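Below is one structure, written out as structure tokens, with a few remarks after it.
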Amino acid sequence: MVIAVEEGLNPTEKRGAYSLALLFALRMAGLFMLMPVLAVYGQELKGFSPLWVGLSIGAYGLTQAMFQIPMGWLSDRIGRKPVIFLGLSIFALGSVVAAMAESIHGVAIGRALQGMGAIASTVMALAADLSRETQRAKVMAFIGVSIGLSFAASLVLGPIVSALLGLSGLFWLIAGLSLAAMLVVQFAVPNAHSKAPSGEVSANSAQMFKLLKHPQLLRLDWGVFTLHLVLTALFVVMPLRLVDAGLEAASHWQVYLPAVLVSFVLMVPLLIIAAKRNQQRGYFLFAISLLLLANALLLVDVSSIWLLGAILAIFFIGFNYLEASLPALISNLAPPGNKGAALGVFSTSQFLGAFIGGSSAGALYMAAGAYGVSLFAIALLLIWLVVSLGMRAQSGIKSYSLAISSADQPASLLAKLQVLPGVVEAVVISSDRTVYLKVKTKEFELARALDLVRAA
């Protein structure tokens, strides 16, 4: 039997997309709201230093990188929802620890605990379980949009909430958001009655080491590592630059809001034009150049608040474009049947970048000031730009996973699928009773592949 191919999201997929998007938004808001305020409000804590601010901002990234794959593995064994509840409980506990902390060291411990509630891979796996292959990209895109909106809203709300409640109150609010997320999981997220093939959602160490030899994927892994490194480094120094420019911490949202809005208005057309003109690689390099420009401008002794806002807008145009592009590129380039492992390496690189960005920026700020942080970011971005020159454009590529009732003669089925027009790669996983296809959308006819799979 073959999975039926239908157009549009069915009711379960819609409910799954909306509820998981809300879950992600609540979860990520708890992380993002801290970024623009910790460097300023952390000065009230015992033991404050730029180094420990950087460690506190980046600490969650280290534990996220360590626990993403183990939590994903556990969800394969005991179920998605129990692991999500466990992760949200740990995240809430870390928030309480940070809220009760009187020193910056206690906040860093709380942030590390927050990161141990690493549920991103499990939520993505549940999204895959709740969606058909033909509709999975839509569900994932909806979740991606919610993360972007959560990031934008958090940059604005973080300074406002911190001004009203203080840093401790912000952490208590984040703990409350975790409890709200649990209610979403309990009452809004559908229960999965099927499971996506393991290669689509799960990563293991053997697959990860194999993918570390893939030159195109490595370019993207370095990219997301650098992207989140420069983001966390920016928020170690930018709040302090705004204070030095004469803007009170409670009013920082007045800079962040216009910068984020301008970046979204300009970023979306870039994505559309790049896709229509089939020039994703060129626009990708352009977006990296925008990050370079923003950091180069920060080397200038800028004292104008609105000039700093303009620099932030330039940065966010590049950041948002790259943040939206990288997961799609990973999905396109991942070998059939190894998407979960590819995303596992990608996520690990992302969170390691966040940790190293925060910790290194704090140390560099103490040694060389904000200029040292910007020079470090520029050096890494230049490496990324050079590395990305070797990117292979791969537009118009789509992946399918088709379920089969049996695979008694996988070699015969594989040989027939590989010669179909438009098939780039084909893999038959007998243990999963699944056929993975990577195809050129303009040349491939799904009906012909379905006929072959039915005949098998």
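Since the model is a prediction, treat every value here as computed from it, not as a measurement.
Relative ring orientation between Phe319 and Phe151 is described as tilted, the plane-to-plane angle lying within the 30° to 60° band.
Between Gly117 and Ile90 the shortest heavy-atom distance is N-CG2, 3.7 Å. Closest non-hydrogen pair, Leu62 versus Leu352, comes out as CD1-CD2, 4.4 Å. Of all non-hydrogen atoms in Ser374 and Leu299, the two that sit nearest each other are CB-CD2, 3.7 Å. For the residue pair Val373 and Ala361, the shortest heavy atom distance occurs at CG2-O, 3.5 Å. Minimum interatomic distance between Leu271 and Ser325 (heavy atoms only, all atoms of both residues): CD2-OG, 3.7 Å. Closest approach of Gly115 and Thr63 over heavy atoms only: CA-OG1, 3.2 Å.
Between the CG atom of Leu257 and the CG atom of Leu261 there is a distance of 4.5 Å, given to the nearest 0.5 Å. Note that the CE atom of Met71 and the OG atom of Ser121 stand 8.0 Å from one another [nearest 0.5 Å]. Within the model, atoms CG of Leu23 and CE of Met182 stand 10.5 Å from one another, a figure rounded to the nearest 0.5 Å. Atoms CG and CG, on Leu126 and Asn191 in that order, are 9.0 Å from each other to the nearest 0.5 Å. Atoms OG and CG, on Ser150 and Leu26 in that order, are 8.0 Å from each other to the nearest 0.5 Å. Taking CG of Leu381 as the reference point, atom CG of Leu290 lies at 11.0 Å (rounded to 0.5 Å).
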Scan the side chains in residues 301-311 for donor-acceptor partners under 3.5 Å anywhere in the protein, sequence neighbours excluded, and list what turns up.
residue	atom	partner	partner atom	Å
Ser304	OG	Trp306	N	3.4
Ser304	OG	Leu307	N	3.3

Below 3.5 Å, can you tabulate the donor-acceptor pairs from side chains in residues 238-251 to any protein atom, sequence neighbours excluded?
residue	atom	partner	partner atom	Å
Arg241	NH1	Leu298	O	3.1
Arg241	NH2	Val300	O	3.3

Quiz: residues 33-41 side-chain donor-acceptor pairs under 3.5 angstrom, not counting sequence neighbours:
none

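Residues Phe32 and Ile147 meet the side-chain proximity criterion, which asks for heavy atoms closer than 4.5 Å. Taking 4.5 Å as the limit, every side-chain heavy atom of Leu220 sits out of range of all side-chain heavy atoms of Val224. Inter-residue side-chain proximity for Leu322 and Trp384 is flagged as met; some heavy-atom pair is nearer than 4.5 Å. Side chains of Phe91 and Leu177 form no contact here, defined as non-hydrogen atoms less than 4.5 Å apart. Under the 4.5 Å side-chain criterion, counting only non-hydrogen atoms from C-beta, Val236 is not in contact with Leu364. Under the 4.5 Å side-chain criterion, counting only non-hydrogen atoms from C-beta, Leu22 is not in contact with Ser146. You'll find the side chain of Trp253 stays beyond 4.5 Å of the side chain of Leu155, heavy atoms only. Side-chain contact between Met124 and Phe24 is present, with at least one heavy-atom pair separated by less than 4.5 Å.
Residues passing the side-chain contact (heavy atoms from CB on, under 4.5 Å) test with Phe264, sequence neighbours excluded: Ala152, Val260, Met267, Asn320.
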(request) Decide yes or no on side-chain contact (heavy atoms from CB on, under 4.5 Å) for Leu173 and Val161, but give the supporting numbers first. (result) CA-CA 9 Å; Leu173 175 62; Val161 173; 3.7 Å; yes

(request) Output, in order, the C-alpha distance, side-chain angles, deciding distance and verdict of side-chain contact (heavy atoms from CB on, under 4.5 Å) for Gln114 and Phe171. (result) CA-CA 11 Å; Gln114 284 182 324; Phe171 275 113; 4.2 Å; yes

(message) Set out, in order, the CA-CA distance, both residues' side-chain angles and the distance that settles side-chain contact (heavy atoms from CB on, under 4.5 Å) for Asn295 and Phe315, then state yes or no.
(response) CA-CA 8 Å; Asn295 278 278; Phe315 180 91; 4.2 Å; yes

(message) Go through it in stages, so that I can follow the logic: the residues are Leu292 and Leu385, the test is side-chain contact (heavy atoms from CB on, under 4.5 Å), and I'd like the CA-CA distance, side-chain angles, deciding distance and then a yes or no.
(response) CA-CA 9 Å; Leu292 271 167; Leu385 189 65; 4.0 Å; yes

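In summary, the side chains of Arg80 and Thr122 do not present any donor paired with an acceptor at a separation below 3.5 Å, with no hydrogens or angles considered.
Summarising the local packing, CE of Met66 is surrounded by 12 or fewer heavy atoms from other residues, nucleotides or ligands at distances under 6.0 Å.
For residues 222-235, the pairs satisfying side chain to side chain donor-acceptor pair (under 3.5 Å) are Trp222-Thr226, His228-Glu323, with sequence neighbours left out. Annotation: side chain to side chain donor-acceptor pair (under 3.5 Å) contacts involving residues 282-293, sequence neighbours excluded, are absent.
In this structure, Arg15 contributes its side chain and Ala188 its backbone to a donor-acceptor pair below 3.5 Å. One N or O on the side chain of Arg111 and one on the backbone of Ser56 form a donor-acceptor pair closer than 3.5 Å. Looking at Arg219, its side chain never comes within 3.5 Å of a backbone N or O of Ser388 through a donor-acceptor pair. The main-chain N or O of Val345 is never found under 3.5 Å from a side-chain atom of Gln68 such that the two would form a donor-acceptor pair.
Aromatic ring centres of Phe351 and Phe67: separated by at least 6.0 Å.
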